[in-house]
Structures are given as C-alpha cells and as structure tokens.
*Asks:* 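Let me begin by handing over the structure; questions about it come next.
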Amino acid sequence: MQVVVFTDESLKAELLNSIETVDEGIVWVENLSQLEQYKNADAIVDLLYNESHRLQLESLLPALIVINSVEQNLQETNLSFVRINGWKTFLQPSITEASTIKEENKTKAQEVFSFFQKKLEWVPDEIGFITPRVVSMIINEAFIALKEGVSTKGEIDTAMKLGTNYPYGPFEWAEKIGVEKIKSLLDKLSMQEKRYASFVSV
C-alpha cells in the first residue's frame, strides 16, 4: 500500500511520536503540487488541509482521501473523504478522532493509521468533533477568567495543569493549536448554539 502524507515537520513528528521505523510505503510531501506525482497512490493524508486543496484532492479519488478538518464537516468538503482531528497536539495520543459517511472507508483508513500505530475512533461527522469542542470551551473560559481579572495567564495555566492533569494549560494549548483556529471553531459553533460564543482574543 502506498500512502502519501502531505504535512509539515511538527505534525509529522506528532504522527510518528510512538514509532521507531516507518513503513517503506509511506511517502512524505511538503507541497501540494507534489501530489501530482502520486496519482496511483492508495491513500492521501492531508494534514495541512484547507479549502483550496479540495479540488486537487478530488482529482485523486477513488484513492482514500483523509483530511485534517476540524472546522468543516464532510458536507462542506466532500462526502467521499475521511476527516480526522489533526489539530496540533491531538495527533500525539494513540487514538485519533475520525469521521466518514462511507462505511467502506473505515477499514482502509484504519489500515493507513496502523502504520503510525494509531487507532481511529469513529465519531459523528459534526463540526469540531468532540475533543476540540471541549478544549476550545476550556480555552474560552480561561479567556473569560483573564478578562474578569480572576488570575494571570501563567497562574491559570498552572492551575489547570496541576488541578486537572492536562498536558497544557489553556493559554499554552491555544498557542500550540493556534488562537485563530480556536476562535474560528467557536464562532462557527456559536451560530448554532449561543453557549459557544467566543471570548478568545486573537
């Protein structure tokens, strides 16, 4: 099986964090134009996905197309794709949230991610998956607490790490993920439910 992964160095490191040797069928590319060389690949994993990639990825169907798309669901991208939660820090664990409309995609996608010793947890095709929604709301609450003068960024980060055993404090996490991504997700979710109203400052 040939799997082409379009990524940057930081997400590549997360994807490979628990393995020592990489299967020879894995090909790494750093720009979208390189995908043209792999029209016969079995699977394409786009960890840097944005809307401008969609048409080029569609041209590579019927290969399995896996996209890192937290803020857009498959209705907004392509119903033949598989979505994963590939926000920074979320590829480190051995379980990755994923969604697909097509049942036949599940076995092949799991085979692809087994190369990286990852298990896919299949969840409904909803904007924000589950974990990014929760983490974004925690970050949002931290920004509210900061605005209200409850404490400082550093103290809030320390309290959350010590009190909940989270790997990062909310402000550290926002910086790693990208504050813009957090705000974008919350703004989109708040169109459906007011409780997601964003107080995150970009």
Side-chain angles (χ1 to χ4, degrees), residues 1-133 177-178 180-181 184-185 188:
M1 174 183 272
Q2 186 180 59
V3 178
V4 181
V5 184
F6 175 37
T7 187
D8 60 22
E9 286 301 317
S10 64
L11 288 175
K12 179 179 178 180
E14 284 191 34
L15 194 62
L16 297 176
N17 76 327
S18 59
I19 63 176
E20 294 179 8
T21 57
V22 182
D23 188 278
E24 60 184 21
I26 307 296
V27 177
W28 305 94
V29 299
E30 294 180 352
N31 63 67
L32 204 59
S33 62
Q34 289 178 289
L35 291 179
E36 291 298 317
Q37 302 171 39
Y38 301 100
K39 288 185 178 290
N40 296 317
D42 298 290
I44 308 290
V45 179
D46 185 349
L47 295 181
L48 303 177
Y49 180 79
N50 65 54
E51 183 60 24
S52 68
H53 299 187
R54 183 172 56 83
L55 290 177
Q56 187 161 355
L57 292 172
E58 286 174 342
S59 75
L60 298 169
L61 291 167
L64 179 76
I65 307 294
V66 179
I67 60 172
N68 172 10
S69 179
V70 174
E71 298 145 74
Q72 288 185 305
N73 62 17
L74 293 170
Q75 297 284 343
E76 298 171 277
T77 56
N78 186 298
L79 296 178
S80 295
F81 292 175
V82 172
R83 290 172 60 222
I84 62 163
N85 169 19
W87 268 5
K88 286 186 179 176
T89 75
F90 289 99
L91 284 175
Q92 292 172 6
S94 60
I95 297 176
T96 300
E97 288 172 295
S99 62
T100 185
I101 302 297
K102 297 189 171 186
E103 282 296 313
E104 61 267 28
N105 282 341
K106 290 184 177 180
T107 302
K108 193 170 183 182
Q110 185 54 70
E111 184 181 355
V112 168
F113 278 81
S114 68
F115 290 132
F116 309 110
Q117 297 180 13
K118 308 282 184 193
K119 181 179 183 299
L120 295 179
E121 183 71 31
W122 296 101
V123 298
D125 182 39
E126 295 182 358
I127 295 165
F129 291 107
I130 298 168
T131 312
R133 283 185 181 219
I177 294 166
E180 302 83 3
K181 289 181 182 293
S184 174
L185 176 59
K188 196 161 189 180

*Asks:* When you compare the side chains of Gln72 and Thr77, does any donor N or O come within less than 3.5 Å of an acceptor on the partner?
*Replies:* no
*Asks:* To the closest 0.5 Å, what do you measure between OG (Ser69) and CG (Leu47)?
*Replies:* 12.0 Å
*Asks:* With a cut-off of 6.0 Å (strictly less than), are more than 12 heavy atoms of other residues, nucleotides or ligands near CD of Glu51?
*Replies:* yes
*Asks:* Check Ser99 against Phe129 and note the closest heavy-atom contact, atom names and distance.
*Replies:* OG-CE2, 3.7 Å
*Asks:* Side chains of Lys102 and Ser80: do they bring a donor and an acceptor to under 3.5 Å?
*Replies:* yes
*Asks:* Run the numbers on Phe113 and Ile84 for side-chain contact (heavy atoms from CB on, under 4.5 Å), then give the verdict.
*Replies:* CA-CA 11 Å; Phe113 278 81; Ile84 62 163; 3.8 Å; yes
*Asks:* As an exercise, state the distance from CG of Leu60 to NZ of Lys39, rounded to the nearest 0.5 Å.
*Replies:* 6.0 Å
*Asks:* Distance-only check: which donor-acceptor pairs under 3.5 Å involve side-chain atoms of residues 85-92, not counting sequence neighbours?
*Replies:*
from: Asn85; atom 1: OD1; to: Trp87; atom 2: N; distance (Å): 3.3
from: Asn85; atom 1: ND2; to: Glu97; atom 2: OE1; distance (Å): 3.3
from: Thr89; atom 1: OG1; to: Trp173; atom 2: NE1; distance (Å): 2.8

*Asks:* With a cut-off of 6.0 Å (strictly less than), are more than 12 heavy atoms of other residues, nucleotides or ligands near CD of Glu30?
*Replies:* no
*Asks:* Working to the nearest 0.5 Å, report the span between CD of Glu111 and CG of Leu64.
*Replies:* 10.0 Å
*Asks:* Who pairs with Glu126 by side chain to side chain contact (heavy atoms under 4.5 Å, CB included), at least two apart in sequence or on another chain?
*Replies:* Pro124, Arg133
*Asks:* Write out all pairs satisfying side-chain hydrogen bond (donor to acceptor under 3.5 Å, both in side chains) with one or both partners inside residues 55-65, taking only residues at least two apart or from two chains.
*Replies:* Glu36-Gln56, Arg54-Glu58, Glu58-Asn78
*Asks:* With rounding to the nearest 0.5 Å, note down the distance linking OG1 in Thr96 to CG in Leu120.
*Replies:* 6.0 Å
*Asks:* Indicate the ring-plane relationship of Phe6 and His53, choosing parallel, tilted or perpendicular according to the 30° and 60° boundaries.
*Replies:* tilted
*Asks:* Give me the atom names and distance for the closest heavy-atom approach of Pro132 to Leu185.
*Replies:* O-CD2, 4.0 Å
*Asks:* Kindly compute the distance separating CD (Gln75) from CD1 (Ile101), expressed to the nearest 0.5 Å.
*Replies:* 6.0 Å
*Asks:* Once you round to the nearest 0.5 Å, how far does CD1 of Ile44 lie from OH of Tyr49?
*Replies:* 14.0 Å
